[in-house]
Amino acid sequence: MKADTRPVSPHLQIYAFRLHMAMSISHRITGVALIAGTALLMYWLWAAASGPDAYAHAAALIGSPLGKLLLAGWSFALFYHVCNGIRHLFWDAGKLFEIHEIRGSGIVVLIASIALTALAWGVGMMH
């Protein structure tokens with residue numbers, strides 16, 4: 001068989017981009033974001049153990065608008081990754097494989113992630 005006559009694997013030009021595709025990619029991205037957020041948490045813990053000067057620097061960094069934005073993104077990544085992981089557990093059990101269930105569970109994951117992030121930040125701001 002000549003190289004130019006071999007079949008080509010389907011690609012994004014063939015498949016329509018759907019919610020479940022975006023959520024699969026987002027699940028991987030939030031996994032990486034959790035690593036970065038954990039590094040920030042480890043820095044904060046190191047600073048707390050290193051004395052008042054180091055802690056003051058870490059608290060200023062994390063308390064800055066950029067730090068709060070990073071923490072908000074990290075908390076959303078955490079809740080999204082957990083909610084989507086629970087969705088994957090249902091799939092592992094052979095549940096929620098109908099097209100309408102895949103789309104519906106994806107929407108539930110997105111809404112739950114946003115709601116849990118807002119709840120956590122709301123409770124955190126009260127204290």
Side-chain angles (χ1 to χ4, degrees):
M1 185 185 264
K2 290 183 182 180
D4 59 346
T5 60
R6 291 188 301 175
V8 178
S9 178
H11 195 259
L12 290 177
Q13 298 164 337
I14 304 296
Y15 294 118
F17 196 73
R18 304 274 185 222
L19 176 64
H20 67 277
M21 296 168 80
M23 293 189 69
S24 177
I25 294 165
S26 299
H27 190 75
R28 289 165 176 81
I29 291 169
T30 57
V32 173
L34 289 175
I35 294 169
T38 301
L40 182 62
L41 175 65
M42 295 301 295
Y43 165 67
W44 178 74
L45 289 172
W46 170 84
S50 296
D53 291 336
Y55 183 77
H57 183 267
L61 174 69
I62 293 172
S64 72
L66 177 62
K68 288 181 181 178
L69 181 64
L70 289 172
L71 286 176
W74 184 62
S75 58
F76 175 78
L78 175 67
F79 289 123
Y80 177 83
H81 206 76
V82 167
C83 292
N84 207 38
I86 292 169
R87 180 179 182 222
H88 277 268
L89 287 175
F90 277 95
W91 288 352
D92 291 344
K95 308 287 185 199
L96 303 177
F97 277 126
E98 298 295 324
I99 297 295
H100 70 279
E101 293 172 328
I102 290 173
R103 181 166 166 71
S105 64
I107 292 169
V108 167
V109 165
L110 290 173
I111 291 171
S113 301
I114 292 167
L116 288 169
T117 302
L119 178 67
W121 276 82
V123 169
M125 294 298 204
M126 291 169 51
H127 291 36

Quick one: pull up [atom1] in [X] and [atom2] in [Y] and give me the separation to the nearest 0.5 Å.
X	Y	atom1	atom2	value
I62	Y43	CD1	OH	7.0 Å
L61	L66	CG	CG	7.0 Å
R28	M23	CZ	CE	12.5 Å

Name each donor-acceptor pair under 3.5 Å that joins a side chain in residues 88-100 to protein atoms two or more places apart or in another chain, with its distance.
| residue | atom | partner | partner atom | Å |
| --- | --- | --- | --- | --- |
| W91 | NE1 | L96 | O | 3.3 |

Joint cluster assignment, [X] & [Y], ILVMFWY side-chain distance < 4.5 Å:
X	Y	answer
I29	M21	yes
I107	I114	yes
L40	L45	yes
L110	I102	no
L19	I111	yes

task = Give the other cluster members for L119, using side-chain heavy-atom distances under 4.5 Å between Ile, Leu, Val, Met, Phe, Trp and Tyr residues; answer none if it is isolated.
result = V123

inquiry  = Testing the basics here: between S105 and R87, what is the closest heavy-atom pair and its distance to 0.1 Å?
reply    = OG-NE, 2.9 Å

task = Compare every heavy atom of L116 with every heavy atom of C83, then report the nearest pair and how far apart it is.
result = SG-CD1, 3.9 Å

Heavy-atom donor-acceptor pair, S24 side chain to H20 backbone, under 3.5 Å = no

ask   = Taking the inter-plane angle between the rings of W44 and Y55 on a 0 to 90° scale, is it parallel (under 30°), tilted (30 to 60°) or perpendicular (over 60°)?
value = tilted

Identify all side-chain donor-acceptor contacts of residues 69-76 below 3.5 Å with residues at least two apart in sequence or on another chain.
| residue | atom | partner | partner atom | Å |
| --- | --- | --- | --- | --- |
| W74 | NE1 | L34 | O | 3.4 |
| S75 | OG | L71 | O | 3.1 |
| S75 | OG | A72 | O | 2.9 |
| S75 | OG | W121 | NE1 | 2.8 |

